[in-house]
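Scroll down for the structure; my scribbles are underneath it.
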Number of protein chains: 4
Amino acid sequence: MVKKDKPKYKQIVDAAVIVIAENGYHQAQVSKIAKQAGVADGTIYLYFKNKEDILISVFQEKMGMFVEKLEHILTQEVSASEKLRLMIESHFGLLSGDLHLAIVTQLELRQSNHEIRMKINGVLREYLLQMDKILVKGMEDGEFDKDMDIRLARQMVFGTMDETITTWVMNDHKYDLVDLAPKVHRLLMKGMRA
Amino acid sequence: MVKKDKPKYKQIVDAAVIVIAENGYHQAQVSKIAKQAGVADGTIYLYFKNKEDILISVFQEKMGMFVEKLEHILTQEVSASEKLRLMIESHFGLLSGDLHLAIVTQLELRQSNHEIRMKINGVLREYLLQMDKILVKGMEDGEFDKDMDIRLARQMVFGTMDETITTWVMNDHKYDLVDLAPKVHRLLMKGMRA
Amino acid sequence: MVKKDKPKYKQIVDAAVIVIAENGYHQAQVSKIAKQAGVADGTIYLYFKNKEDILISVFQEKMGMFVEKLEHILTQEVSASEKLRLMIESHFGLLSGDLHLAIVTQLELRQSNHEIRMKINGVLREYLLQMDKILVKGMEDGEFDKDMDIRLARQMVFGTMDETITTWVMNDHKYDLVDLAPKVHRLLMKGMRA
Amino acid sequence: MVKKDKPKYKQIVDAAVIVIAENGYHQAQVSKIAKQAGVADGTIYLYFKNKEDILISVFQEKMGMFVEKLEHILTQEVSASEKLRLMIESHFGLLSGDLHLAIVTQLELRQSNHEIRMKINGVLREYLLQMDKILVKGMEDGEFDKDMDIRLARQMVFGTMDETITTWVMNDHKYDLVDLAPKVHRLLMKGMRA
DNA sequence: AATGAATGAGCTTTCATTCAT
DNA sequence: TATGAATGAAAGCTCATTCAT
């Protein structure tokens, strides 16, 4: 049984999300995370190399949920456009359902230093690669414009989603994020349609 | 002559950009900025209230250039689509021409704490308001889809640009950013066209 | 076991007395106190909220000895005049026995800022209240002048003692302070006698 | 014409008293004193060696008034007891008439460092020497107890006065200080009477 | 495995003093 | 004489990490 499977590992990761969301990135001290997790400060270091390792693990563990959902969507027998819609909806849905997580990924974790952000980007890459598969499929099937620059298209899709979520978080979740999914989908589709 | 017009004010702001770009946000100590600016540590405090004030001033001073360019574009007698193209080109151009600034705005300044980012967002808002004017104009003139949600459209435009620039910065400016402007414009236009 | 009972608490308070006495109030840096106490700088902050808290604690801990002695004297079955004598003798004796403490209370701690001195005065008040009990008892028993203004009498007693001790400290303890107690007692008694 | 006679010298000393009284010793920066005096920071250093020199000068200039009054009292053809009464009354009167000065001498200046306080004590000595003359005269004339220890008596007189004034200042001058003079005189006289 | 007391490096800001004008 | 912009040394406090128990 590896460390990641032990109950305290997840306990600490979840505690980190809560502490960061409630206190902000710069006020999320290791001792606070330990207290929230119900363990001693020193115990943290039996499961994580250092504080940075906790933060990256938070992103890995949680991003994993997004990748899994996306992989599931990819196996479905529907059009690329529909897959895109499902992805947006699922992405918005996951964050709507965990406000702490939304705050952490959209606002707080972006305050981390260069090195951590680079490692986070490594984790994010996997998600973007899956996203690319939808775009490629759509172009092959003639649903999306064959002349699209894949990278630009991906940046538009991800940039639009990201900007939409961040605005929603910064407006204190005043409106329903998932309700926006169809509109965002339609807007993006118009841009990419063949 | 107010403080902002004195040569040392700009000297320190420019030094801050260089130091933050080269050392990262968290390694940009006041003493480093002072040294780069060629003044004593204490001199900084004759021109800025505190460190936070330096960082916000960096954003204000530099963002000012973007707003000015955009205001100039808005006065031109061209179509909304053409204005959008000019905006993207000008935005990409300014950052291409100052790699330090690009690093600072796209990566480093986002690591600042909540309070500073809120103030930065205040400055950014002005830019987004100008951007909205282009979108509204386009919708009124029948160039852009009259049924667009302005906020979503703005998020798509800004999100796409932002994501494109950040990717470029994180890839060490390996390719020419301005060259991407027409493609980004075309992609966004397709999405917004009437 | 509360913080005040832990050995390091007293260790740090005692170190503070020595450092302040030997270096002066304004040269008593936290790092010096930590070094003298044989702990790390950070350890100080496990036992004290901040530097101010150390200084107030010094006064509280040490003044506590004076109050205890005085309370003991008050329980004794002797005349008010004799209690006054015992108080003066005991007060002079405690400071004679700890020259560092004498310097700190008579000279250095008075250089502290307004806020600290106000808190110190709070501690001192308890001592003065006990002192008042002696004066009231003496007036009730007909030993002291019944028409005395209690506040003025207390100011004479405390002012004379304080001035006597301060002069002794500033003269580098050249003579024996306790030897002066009977004379001071006689002088004060003459002033207050019925 | 020496520096002390120039108008700016007194201007700065008076400014210092006001600034210290209104802001507290530790918030009385040189620049604040300069501003209050209506001169440039640098000008201060044309009249005073350093900040310490300003503070000592404040005490010298103001204490001079007390010594002059006392010298005048000494020339009068009255009993020692009456001289003592005049001294207390005049001392209380001068401070009652200049609340800023009272705050500065009784509270703020005592926060200065060891060195400054030593120099202040030098100035004070002159006053105490004059005070001794009254006590000696009283003992020679048989008004005061011939067996008194002069130093102790002086400490009682000065300590009582000082404690009385400080209490009055700390109680925000709620009552009239000069009104207390006769009572203080009577109390001290009882203690010293032959 | 778990604890938590102890460590100590690191940084912003103030302000007395100087000196070129 | 007078100015005031510039200087730069100095210190309290935090918190990630360790390690003896």
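The figures that follow rest on heavy atoms only: side chains count, while hydrogens, waters and symmetry mates do not. As the structure is a prediction and not an experimental result, all values here were calculated from the model.
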Would you say dA2(F) has OP1 or OP2 under 4.0 Å from some side-chain N or O of Lys8(D)?
yes
Position toward the 5' end of DNA chain F (nearest nucleotide), Val39(D) or Gly38(B):
Val39(D)
Output row for DNA chain F, stems defined as at least 3 consecutive Watson-Crick or G-U pairs under 3.5 Å, is E:2-21 with F:2-21
Regarding Asp53(D) and Lys119(D), does a basic nitrogen lie under 4.0 Å from an acidic carboxylate oxygen?
no
Non-hydrogen side-chain atoms of Val30(A) and Tyr45(A) separated by less than 4.5 Å
yes
Whole-Å gap separating C1' (dA16(E)) and CG (Leu55(D)):
12 Å
Please state whether the phosphate of dA2(F), meaning OP1 or OP2, lies under 4.0 angstrom from any side-chain nitrogen or oxygen of Tyr47(D).
yes
NA contact type, Phe48(D), heavy-atom cut-off 4.0 Å: base, sugar-phosphate, or nothing?
nothing
Counting only non-hydrogen atoms, which of residues 10-20 of chain B are less than 4.0 Å from DNA chain E?
none
For Lys32(C), report the nucleic acid contact type (base, sugar-phosphate, nothing); a contact means any heavy atom under 4.0 Å.
nothing
Side chain Glu108(B), main chain Ile20(B), donor-acceptor under 3.5 Å
no
Thr43(D) vs Tyr47(D) side-chain heavy atoms within contact, under 4.5 Å
yes
Would you compute the distance between atom NZ of Lys62(A) and atom CG of Leu101(A) and round it to the nearest 0.5 angstrom?
6.5 Å
Anything under 30° is parallel, anything over 60° is perpendicular, the rest tilted; go ahead and classify Phe48(C) against Tyr9(C).
parallel
Side-chain H-bond candidate by donor/acceptor type, Gln29(C) with Lys32(C), under 3.5 Å:
yes
Check the distance between dT12(E)'s P and Asp53(B)'s CG and give it to me in whole angstrom.
14 Å
Sugar-phosphate means primed atoms, P, OP1 and OP2; the rest is base. With that split, encode nucleotides 11-21 of chain F 5' to 3' as B, S or - using protein heavy atoms under 4.0 Å.
SSBBSSBB---
Just the rounded figure in Å: distance from P of dA2(E) to OH of Tyr9(A).
15 Å
Is the side chain of Gln36(B) donor-acceptor paired with the backbone N or O of Val19(B) at a distance under 3.5 Å, no angle test?
no
Does Arg117(B) reach the main-chain N or O of Ser112(B) with its side chain, forming a donor-acceptor pair under 3.5 Å?
yes
Going from NZ on Lys6(B) to CG on Leu46(B), what distance comes out if it is rounded to the nearest 0.5 angstrom?
9.0 Å
Within a strict 4.5 Å, meaning less than it, do heavy atoms of the Tyr25(C) and Asn113(D) side chains meet?
no
Report the distance from atom CD1 of Ile44(C) to atom P of dG8(E), rounded to the nearest whole Å.
13 Å
